[in-house]
Enquirer: 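Here's a structure for you.
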Amino acid sequence: MQQRPLSRTGREVSVIGLGTWQLGPDWGGVSEGDARQVLAASVDAGVTLFDTADVYGDGRSEEIIGGFLADTDAAGITVATKMGRRAEQQPENYMMENFRAWTDRSRRLLRTDTLDLVQLHCPPSAVIDDDATWDALDQLVAEGVIAAYGASVETMDQALSALRRPHLTNLQIIFNPFRLKPLDEVLPLAAEKGVAVFARVPLASGLLSGTYTLETTFDAEDHRTYNRNGEAFDKGETFSGVPFAEGVAAADELKAALPEGVTLPAATLAWIASREGVTSVIPGARSDAQAAANAGAADLIADGLDLDAFDALVRDVYDRRLRAEIHPQW
């Protein structure tokens with residue numbers, strides 16, 4: 001597994017990481033035993049980046065990760081957590097008092113004195129634009145509460161604003177074949193500034209698994225059921241904002257063009273990881289087999305999959321099917 005620098009921290013993280021939203025309840029139930037197997041399979045495959053958040057299962061994801069790391073000899077793991085969505089999404093809630101409470105809770109659940117990396121969790125734009133936000137984060141670094149900080153964002157304007165901050169370690173954005181806008185300005189600027197980029201929702205909530213049909217359904221408690229139109233949070237977090245039927249058709253077209261033996265999710269993860277400016281891709285997994293398969297996508301880069309041909313196909317499908325609706329958003 002290739003490891004890449006995490007900005008200026010001196011750490012390295014795997015080109016394929018693990019997103020752990022699935023270990024919370026928003027994807028249907030995943031038992032603690034299954035969750036630990038996902039973590040173990042990822043580590044065995046060379047994954048060194050776990051991405052979580054304090055609201056994934058109201059702390060369940062953090063707690064499982066903390067317990068797993070305490071009970072195993074896994075070394076070199078960077079845990080990137082997120083904060084900010086335990087309160088109403090109002091700028092006035094992003095203050096030092098809450099930052100301390102949120103990070104103290106995460107430190108307890110993750111069983112660590114200093115959090116490796118804390119990311120603002122898709123806050124309002126006013127929070128990202130406010131100097132006080134970053135001053136507070138600098139203070140937490142100075143105190144040893146956190147080692148580094150970054151931001152997870154919804155829009156490219158938010159990303160560009162965050163990238164102006166001199167101590168930003170990483171930027172987390174939705175980037176996949178159905179969301180190409182980061183290629184325009186954000187990825188080039190992040191590369192120029194040496195800021196690590198984590199590509200989240202890389203498989204468009206499973207659409208880019210290539211296994212869904214128009215008849216596919218999901219549990220009632222799964223966000224792919226209850227948030228398709230943004231009923232609970234930004235609709236871009238579910239299927240990358242792509243209408244389900246159109247996403248199924250686009251995924252089928254991408255899958256049909258792949259060489260024999262190459263799966264759509266593996267090609268997708270390898271393609272994302274190969275884009276200039278991307279540090280790590282953070283797909284989620286609900287089983288150890290899925291975690292191992294995701295991590296195995298890194299082999300396609302080393303084995304020389306014709307990513308140029310896949311890139312041309314991705315751009316063509318996006319331009320014909322998705323650009324007019326998706327590109328103006330976010």
Side-chain angles (χ1 to χ4, degrees), residues 1-23 32 34-54 56 61-83 103 106-119 140-141 144-150 152 167-172 190 194-200 202 266 269-270 272-274 277-285 287-302:
M1 175 74 74
Q2 181 185 358
Q3 307 290 318
R4 294 176 176 172
L6 179 60
S7 190
R8 300 166 294 275
T9 64
R11 291 175 174 266
E12 290 191 333
V13 294
S14 52
V15 67
I16 306 293
L18 176 70
T20 62
W21 186 7
Q22 281 88 341
L23 307 189
E32 181 173 347
D34 287 345
R36 281 183 169 242
Q37 288 181 5
V38 166
L39 298 173
S42 297
V43 170
D44 289 345
V47 169
T48 58
L49 173 64
F50 292 163
D51 180 81
T52 186
D54 57 6
Y56 292 171
S61 175
E62 288 183 324
E63 189 169 26
I64 290 173
I65 290 170
F68 170 80
L69 293 177
D71 295 341
T72 67
D73 57 359
I77 304 296
T78 293
V79 179
T81 193
K82 296 185 285 293
M83 69 174 184
T103 53
S106 291
R107 289 194 296 166
R108 175 174 58 81
L109 293 176
L110 287 167
R111 306 190 192 186
T112 186
D113 293 330
T114 302
L115 297 168
D116 297 336
L117 176 62
V118 172
Q119 305 154 100
L140 292 176
V141 171
V145 174
I146 62 178
Y149 60 78
S152 182
H167 301 142
L168 189 78
T169 291
N170 85 302
L171 185 73
Q172 189 173 141
V195 173
V197 171
F198 298 168
R200 63 188 177 94
L269 296 175
I272 297 170
S274 298
V278 172
T279 302
S280 185
V281 188
I282 49 173
S287 69
D288 54 349
Q290 189 177 30
N294 287 343
D299 295 338
L300 294 181
I301 304 172

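Hydrogens, waters and symmetry mates are skipped; everything else that's a heavy atom, side chains included, is used.
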Enquirer: Looking only at the side chains, is there a donor atom on one of Thr81 and Gln119 sitting less than 3.5 Å from an acceptor on the other?
Expert: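 Side chains of Thr81 and Gln119: no pair found under 3.5 Å.
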Enquirer: Between the side chain of Ser280 and the main-chain N/O of Ser14, is any donor-acceptor distance below 3.5 Å?
Expert: yes
Enquirer: Would the distance check show the side chain of Asp116 and the main-chain N or O of Val79 forming a donor-acceptor pair, the cut-off being under 3.5 Å?
Expert: yes
Enquirer: How long is the gap from CG on Leu109 to CG on Leu115, to the nearest 0.5 Å?
Expert: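 Between atom CG of Leu109 and atom CG of Leu115 there are 10.0 Å.
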Enquirer: Please find the pair of heavy atoms, one from Ile146 and one from Tyr149, that lie closest to each other, and give the distance.
Expert: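 Answer, listing the atom of Ile146 first, then Tyr149: CD1-CB, 4.1 Å.
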Enquirer: For side chain to side chain contact (heavy atoms under 4.5 Å, CB included), just list the numbers for Ile64 and Arg36, CA-CA rounded to whole Å, side-chain angles, deciding distance to a tenth of an Å, and then say yes or no.
Expert: CA-CA 7 Å; Ile64 290 173; Arg36 281 183 169 242; 4.3 Å; yes
Enquirer: For residues Ala53 and Glu62, report the shortest heavy-atom separation together with the two atoms involved.
Expert: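 Looking at all heavy atoms of both residues, the shortest contact is O-CG, 3.8 Å.
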Enquirer: Kindly assign one of parallel, tilted or perpendicular to the pair Phe68 and Phe50, based on the angle between their ring planes and the thresholds 30° and 60°.
Expert: tilted
Enquirer: Tell me, with the steps shown, if Gln22 and Tyr56 meet side chain to side chain contact (heavy atoms under 4.5 Å, CB included).
Expert: CA-CA 8 Å; Gln22 281 88 341; Tyr56 292 171; over 6 Å; no
Enquirer: Would you say Ser7's side chain and Val195's backbone share a donor-acceptor pair under 3.5 angstrom?
Expert: no
Enquirer: Going through the checks in order, is the side chain to side chain donor-acceptor pair (under 3.5 Å) test met by Arg107 and Thr112?
Expert: CA-CA 5 Å; Arg107 289 194 296 166; Thr112 186; over 6 Å; no
Enquirer: Does one side chain, of Thr48 or Gln3, offer a donor that lies under 3.5 Å from an acceptor on the other?
Expert: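 Looking only at side-chain atoms, Gln3 and Thr48 do form a donor-acceptor pair, the distance falling under 3.5 Å.
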Enquirer: Can a donor-acceptor pair be found, under 3.5 Å and without considering hydrogens, that links the side chain of Arg8 to the backbone of Leu168?
Expert: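 The answer is yes, because a donor-acceptor pair under 3.5 Å joins these two groups.
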Enquirer: Which heavy atom of Ala285 sits nearest a heavy atom of Leu23, and at what distance?
Expert: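 That would be O-CD2, 4.3 Å.
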Enquirer: Heavy-atom distance under 4.5 Å between the side chains of Asn170 and Val197, does that happen here?
Expert: no
Enquirer: Looking at Ala266 and Ala297, what are the two nearest heavy atoms and their distance?
Expert: O-CB, 3.6 Å
Enquirer: Give, for atom OG of Ser152 and atom CE of Met83, the distance between the pair rounded to the nearest 0.5 Å.
Expert: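 One finds 12.5 Å between OG of Ser152 and CE of Met83.
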Enquirer: Please step through side chain to side chain contact (heavy atoms under 4.5 Å, CB included) for the pair Val15 and Val281, ending with a clear verdict.
Expert: CA-CA 6 Å; Val15 67; Val281 188; 5.6 Å; no
Enquirer: How long is the span from the NZ atom in Lys82 to the OG1 atom in Thr52, to the nearest 0.5 Å?
Expert: 6.5 Å
Enquirer: What is the minimum heavy-atom distance between Leu39 and Thr20, and which atoms define it?
Expert: CD2-CG2, 4.4 Å
Enquirer: Would you find a donor on one side and an acceptor on the other, under 3.5 Å apart, between the side chain of Arg108 and the backbone of Thr103?
Expert: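 Checking the backbone N and O of Thr103 against the side chain of Arg108, no donor-acceptor pair under 3.5 Å is found.
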Enquirer: In sequence, state the C-alpha distance, the side-chain angles, and the governing distance for Phe198 and Leu117, and then conclude on side chain to side chain contact (heavy atoms under 4.5 Å, CB included).
Expert: CA-CA 12 Å; Phe198 298 168; Leu117 176 62; 3.9 Å; yes
Enquirer: Taking Asn294 for its side chain and Gly284 for its backbone only, find out whether a donor-acceptor pair lies under 3.5 Å.
Expert: yes
Enquirer: Is the closest side-chain heavy-atom distance between Glu12 and Leu6 below 4.5 Å?
Expert: no
Enquirer: Using every non-hydrogen atom in the two residues, find where Ser274 and Ala270 come nearest and quote the distance to one decimal.
Expert: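 Minimum heavy-atom contact is OG-O, 2.8 Å.
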Enquirer: Backbone N or O of Asp54 within a donor-acceptor pair of the Ser106 side chain at under 3.5 Å?
Expert: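 Not a single qualifying donor-acceptor pair exists.
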Enquirer: Supply the atom-to-atom distance Arg200 CZ to Leu171 CG, rounded to the nearest 0.5 angstrom.
Expert: 9.5 Å
Enquirer: Nearest 0.5 Å please: distance from the CD atom of Gln290 over to the CG atom of Asp288.
Expert: 10.0 Å
Enquirer: Taking the side chain as every heavy atom from C-beta outward, state whether Pro283 and Leu18 have any pair of such atoms under 4.5 Å apart.
Expert: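 Result no, sub-4.5 Å side-chain heavy-atom pair not found.
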